[in-house]
Amino acid sequence: MIATALVAVAAALPLAGTTVHLDAGHNGANGAHPAQINRQVPAGTGGYRKACDTTGTQTGDGRLTESRLTLDIARRLGRRLARLGARVVMTRTTNDGVGPCVNERAAIGNRANADLALSIHADGGPPAGRGFHVIAPLAVRAVRPAIVAPSLRFARQLRARLDGAGLRRSTYIGGGGALVQRSDLGGLNLSHVPKALVELANVRNAADARLLRRTRDRDRIALGLARAVTRTLVP
Ligand SMILES: [Zn+2]
């Protein structure tokens with residue numbers, strides 16, 4: 001009976017015992033603090049440095065900002081992962097602060113000893129371009145090159161689950177593959193744990209911006225991301 005009960009709990013809480021770091025991109029007060037946001041911080045091996053953070057993108061009318069969107073998606077995703085048993089560590093839980101810088105964003109996941117970390121963004125691409133893409137680290141500036149392979153596996157799961165959620169692949173980055181590896185992102189370079197970054201859609205495209213405003217589409221995105229995390233941690 002006890003064994004049966006444990007199996008039932010494991011089935012209900014597939015992520016029990018795991019830690020997931022959710023890194024909502026940017027922050028609402030970044031634009032008002034350019035000196036803090038533009039200062040250079042460590043961002044990879046070999047003395048590579050980059051600006052602390054950026055303001056993120058927004059629609060032309062300012063009604064949809066990336067920082068608010070990414071926090072909302074992180075919250076929706078975090079609730080789903082917590083219900084599946086994961087310990088969820090959030091970079092931020094409000095949208096009225098500054099930063100943190102990209103090096104601190106990586107450090108949060110490292111200190112939490114996360115099993116997986118996900119940076120959540122939306123792109124400010126060419127207005128005619130649509131769709132999502134996923135970014136994984138490269139070994140060249142990674143402080144822990146061992147994360148490159150598992151991060152790529154996570155990125156592929158993200159792509160598959162966002163495909164499954166009915167999202168369009170990027171028409172302007174990744175040649176239709178919706179997955180690129182980059183060495184210029186401090187949050188990925190400095191991670192000790194497998195990590196990927198998702199650009200959910202192009203805020204600068206009117207159709208994508210409409211999608212990102214809809215609650216049902218935000219829930220669909222969060223469900224797809226939750227499935228990617230679960231399939232990566234519990235293959
Ligand atoms: Zn961003």
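Read the numbers this way: they start at 1 and go in the same order the structure lists the ligands and their atoms.
The closest side-chain donor-acceptor pair between T54 and H26 falls under 3.5 angstrom.
The Zn ion (ligand 1) has no N, O or S atom of D123 under 2.8 Å away, backbone or side chain.
The nearest N/O/S atom of E66 to the Zn ion (ligand 1) is OE2.
The ND1 atom of H121 and the NE2 atom of H26 subtend an angle of 100° at the Zn ion (ligand 1), given to the nearest 10 degrees.
Within 6.0 Å of atom CZ in R214, more than 12 heavy atoms from other residues, nucleotides or ligands are found, so the atom counts as buried in its surroundings.
Separating the CG atom in L188 from the OG atom in S183 is a distance of 10.0 Å, to the nearest 0.5 Å.
Between the D115 side chain and the T19 main chain, a donor and an acceptor come within less than 3.5 Å of each other.
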